[in-house]
Amino acid sequence: MDVNTEKKVEHTFKAPRGTEDILPTKWALWRNLEEAGRHEFELCGYYEIRTPIFEDTRLFIRSIGEATDIVEKEMYTFSDSEDSSITLRPENTAPVMRAYLEYELYKTKKFQKFYYIGPQFRKERPQAGRLRQFHQMGIEAVGAAAPLLDVETISVATRIFDRIGLKGYKVKINSIGCEQCRPVFRNILKEKLCEHEKALCELCQSRLNRNVFRILDCKNDACKTVSHHMPSINDYLCEACQSHAKSVREALLEIGIPYIADAHLVRGLDYYTKTVYEITHASLGARDAICAGGRYDNLISDIGGPSIGSVGFAIGMEATILALENVMARHKSVSQEVCGPSPSIYVVSISEETKKHGFCLLNILRNANLSADFDYEGRSLKAQMRTANKLGVKYVIVLGPDELARGDVKIKVMETGEEIVLKQNEVPKWFLNKNLSTMG
RNA sequence: GUGAGCGUAGCUCAGUUGGAUAGAGCAUUAGACUGUGGCUCUAAGGGUCGCGGGUUCGAAUCCCGUCGCUCACCCCA
C-alpha cells in the first residue's frame, strides 16, 4: 500500500515545457468535443484524413511563408540523419493539401472535403490555452470558389460549438482581398500611415515595413486612434472580392449565423485570400480565438499544384475546452471532477477462495458484453462496497463463502438497497434482461 | 524571444515584524458489536515549504541563481 518508494530517486520527470497530460478525469470533455466534431463534420459531408505528424520542412516554408515568425523561430525542425530536414507540423492545412496533390486527388474529383483531428507543434512561450503541443480539429474544402462554401465552413464550426453547448462565442469576419486588390490597399494604407508615423508605437513603426495590416490590429491606444482614421479594406476590394464578400454576409444572415464585420481582422499567413474569419470567446482573455479560418485560393498553386480555390478552418481544442470549462464554472452546473463512464457492475468477493470464483464470474459478465469491474487489492467487504458506490455502479454482486457453498450470488441494487439471490448460472441472463448499456 | 506576478500535503489554500515538532478544509485509508455503500463521528497516513546557493544564532518568510506555472507583449496555423 505504501506508494512512496524507500529509495529517493534524485531526478523526477515532468512533462516537457508546453506539453500537457490529459488525465482520465479530463477525458470526458475531450471525448465530447471530438465526438461533436466528428458528428458535425460527417453530417456535413467531410471525410477524415490523417497526415503524418512531421513533414518535409520545405512544405511549411513554402506555404506559411519564409519571413513569418512561425517559420523563423517557432518550428520544431531537425534532420533525420540523412540530408533531409523534417518539421513537426505547426498546422495541418499544408499537409492536407500536400496529400491532395501527392495522390492527385483532383484528377478523380476536383472538389473534396476533408477533416482532421490531431496534435500540432509550435515552439513558443506557453500560456493558457496555448501550448507547444496543442490539438486542432479542422476542415478543408478543396476545389471550389463559391462564397457559399465559405459560409458552410463557418456553419460547421458554429454547429460544433452549439453541439457541445458552448454559449457566448462570436463570429468575426472580414475580407482581405485577393492578389489583385490587396497590394493596392497595402500601398495606400502604408502611405497614409507613414504620415502619422510618429504617433505610432515603436512596434508599429517597424510594422510599417514588415506587416502594415497588423497595425490595424494593434492594441496600443495611440495606434488605435490613428488606425481609426484609416481607410477600410472594404473600400478597396476589387469587384470580384466585393461581390464575394457580399454573398458571404448575405448567406450568413440567411441561415441565421450572427457575425461581426471586423475590418481590422487580418491574417498572418500569406496564403489567405478574400474571406477570413475568427471565432472568439470572451472568457479566454487576450488570446481569445477558439477557431480561425478563411479562404486560401493561392496555397495549392504555391506548393506546386493547379490553381484551385479552397477554404477551411482550425478549431483550437485546448482553447475550446477552456472556454467550455469557464462557462460551466460560471453556471456551477457541472462538477469539477469530470470522469468517463463507469462500469455497471462491481463484483465483490470476500476470501481468497471466493475471489477465484468472482474473477470467473467477472469474465463471464464481460463475455456477455456487460461492463464490470472487480477488487484486486484484497480489501474488506466494506471497502469494496465503498469503491462500488464511488464508481457509481448500478449493481453489486456479492460472492462470499455462504453464497459459494450454496452455488448462488447476492445481487444488490445500489439505488434501492434491494438484494436479490440468484443461482450463479442465471446471472448473465438476469443482467441481459435489465438491458444495461455496455458502458455505464 | 520580452516584461510582470507566483511556486507550502493528491487538490484549494492559511502561516502574523525572520523564531521552537509547518497547519486547515476537501480527498485518501482505517475503524464505529465481528458479511454491505451513501449521512455522521473518530483516528491515521501524507510535506527536505519547486530546486541550488547566500545572509543570519535561526529562513517557508530576506537576497541571488535556476526550473516550472500564470498573465501580458511579440506572433498566431
Side-chain angles (χ1 to χ4, degrees), chain A residues 1-4 8 10-12 14-20 23 25 60 63-65 67-75 89-97 116 120-131 134-136 138 140 201-204 206-207 210-211 214 217-220 266-272 276 278 284-289 291-294 296 299 312-316 319 336-337 346 348-351 354 377 379-393 395-404 410-417 419:
Chain A
M1 277 304 291
D2 193 10
V3 178
N4 296 321
K8 274 277 175 194
E10 71 234 27
H11 184 77
T12 54
K14 286 182 188 165
R17 175 159 211 211
T19 68
E20 182 176 79
L23 300 175
T25 45
F60 298 118
S63 60
I64 297 171
T68 59
D69 271 29
I70 297 172
V71 168
E72 277 177 0
K73 53 186 189 189
E74 292 178 355
M75 297 205 303
R89 61 183 185 205
E91 54 110 18
N92 221 142
T93 297
V96 169
M97 294 309 143
Y116 60 84
Q120 318 290 336
F121 305 84
R122 182 168 158 185
K123 190 161 65 194
E124 59 183 349
R125 189 85 167 248
Q127 219 172 298
R130 179 198 230 189
L131 299 165
F134 58 103
H135 298 79
Q136 290 187 329
E140 314 291 349
C201 69
E202 216 175 300
L203 191 64
C204 280
S206 80
R207 277 170 171 152
R210 286 190 302 120
N211 191 347
R214 272 282 162 209
D217 208 22
C218 186
K219 281 156 194 155
N220 183 295
V266 294
R267 274 285 97 115
L269 304 192
D270 291 342
Y271 59 62
Y272 279 103
V276 295
E278 211 169 86
L284 293 176
R287 200 208 156 281
D288 58 358
C291 173
Y296 36 92
L299 174 59
F313 69 71
I315 288 175
Q336 280 195 311
E337 294 285 307
Y346 198 77
V348 168
S349 47
I350 295 160
S351 63
T354 57
E377 295 173 279
R379 307 173 70 207
S380 69
L381 173 63
K382 184 187 285 225
Q384 290 182 56
M385 289 302 295
R386 271 203 275 258
T387 300
N389 184 55
K390 254 172 276 179
L391 284 172
V393 302
Y395 302 97
V396 163
I397 296 180
V398 180
L399 181 57
D402 299 350
E403 287 80 6
L404 189 60
K410 219 181 266 175
I411 293 173
K412 180 159 185 172
V413 184
M414 293 301 271
E415 207 172 312
T416 60
E419 290 192 329

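By convention in this document, chain letters (A, B, ...) are assigned in the order of the sequence lines, proteins followed by strands, and residues within each chain are numbered from 1.
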For this session: Assign E403(A) to base, sugar-phosphate, or nothing according to its heavy-atom contacts below 4.0 angstrom with the strands shown.
Result: base

For this session: For rU36(B), take OP1 and OP2 only and decide whether either is under 4.0 Å from a side-chain N or O of Q384(A).
Result: no

Exercise. What nucleic acid atoms does V398(A) come within less than 4.0 Å of, heavy atoms only: base, sugar-phosphate, or nothing?
Worked result: base

Exercise. Checking all strands, does R130(A) fall into the base, sugar-phosphate, or nothing category for heavy-atom contacts under 4.0 angstrom?
Worked result: base

Problem set entry | rU17(B) versus rG58(B) - spacing of their C1' atoms, nearest Å | 15 Å

Problem set entry | Proximal nucleotide (of rA30(B), rG35(B), rC74(B)) relative to the P401(A) side chain | rG35(B)

Problem set entry | Nearest-angstrom distance, P atom, rC33(B) to rA27(B) | 22 Å

Problem set entry | Sugar-phosphate only, base, or nothing, as touched by R125(A) at under 4.0 Å among non-hydrogen atoms | base

Exercise. Taking atom C1' in both rG46(B) and rU55(B), what distance in whole Å separates the two?
Worked result: 33 Å

Exercise. Heavy atoms under 4.0 Å, any strand shown: does G417(A) hit a base, just sugar-phosphate, or nothing?
Worked result: base

For this session: Taking atom C1' in both rC6(B) and rU61(B), compute the distance separating them and give it to the nearest angstrom.
Result: 15 Å

Exercise. Between R17(A) and rC69(B), is there a side-chain N or O to OP1/OP2 distance below 4.0 Å?
Worked result: yes

For this session: Give one of base, sugar-phosphate or nothing for A388(A), where a contact means two heavy atoms less than 4.0 Å apart.
Result: nothing

Exercise. At under 4.0 Å between heavy atoms, what does Q120(A) touch on the DNA or RNA strands: base, sugar-phosphate, or nothing?
Worked result: nothing

Problem set entry | Touch class at under 4.0 angstrom, heavy-atom based, for K390(A) against every strand present | sugar-phosphate

Problem set entry | C1' atoms of rU8(B) and rA59(B), separation to the nearest Å | 14 Å

For this session: For nucleotides rG37(B) and rA30(B), find the distance between their P atoms and express it as a whole number of Å.
Result: 13 Å

For this session: Using the P atom as the reference point in each nucleotide, state the distance between rG15(B) and rU36(B) in Å, no decimals.
Result: 45 Å

Exercise. Should R214(A) be listed as having a side-chain N or O under 4.0 Å from OP1 or OP2 of rC76(B)?
Worked result: yes

Exercise. Taking the C1' atom of each, how far is rG52(B) from rG45(B), in whole Å?
Worked result: 30 Å

For this session: Check whether any side-chain N or O of R386(A) sits under 4.0 Å from OP1 or OP2 of rU36(B), and answer yes or no.
Result: no

Problem set entry | rU36(B) base / K382(A) side chain donor-acceptor hit below 3.5 Å | no

For this session: Would you classify G392(A) as touching base, sugar-phosphate or nothing, given that sugar-phosphate means primed atoms plus P, OP1 and OP2, and contacts are heavy atoms under 4.0 Å?
Result: nothing

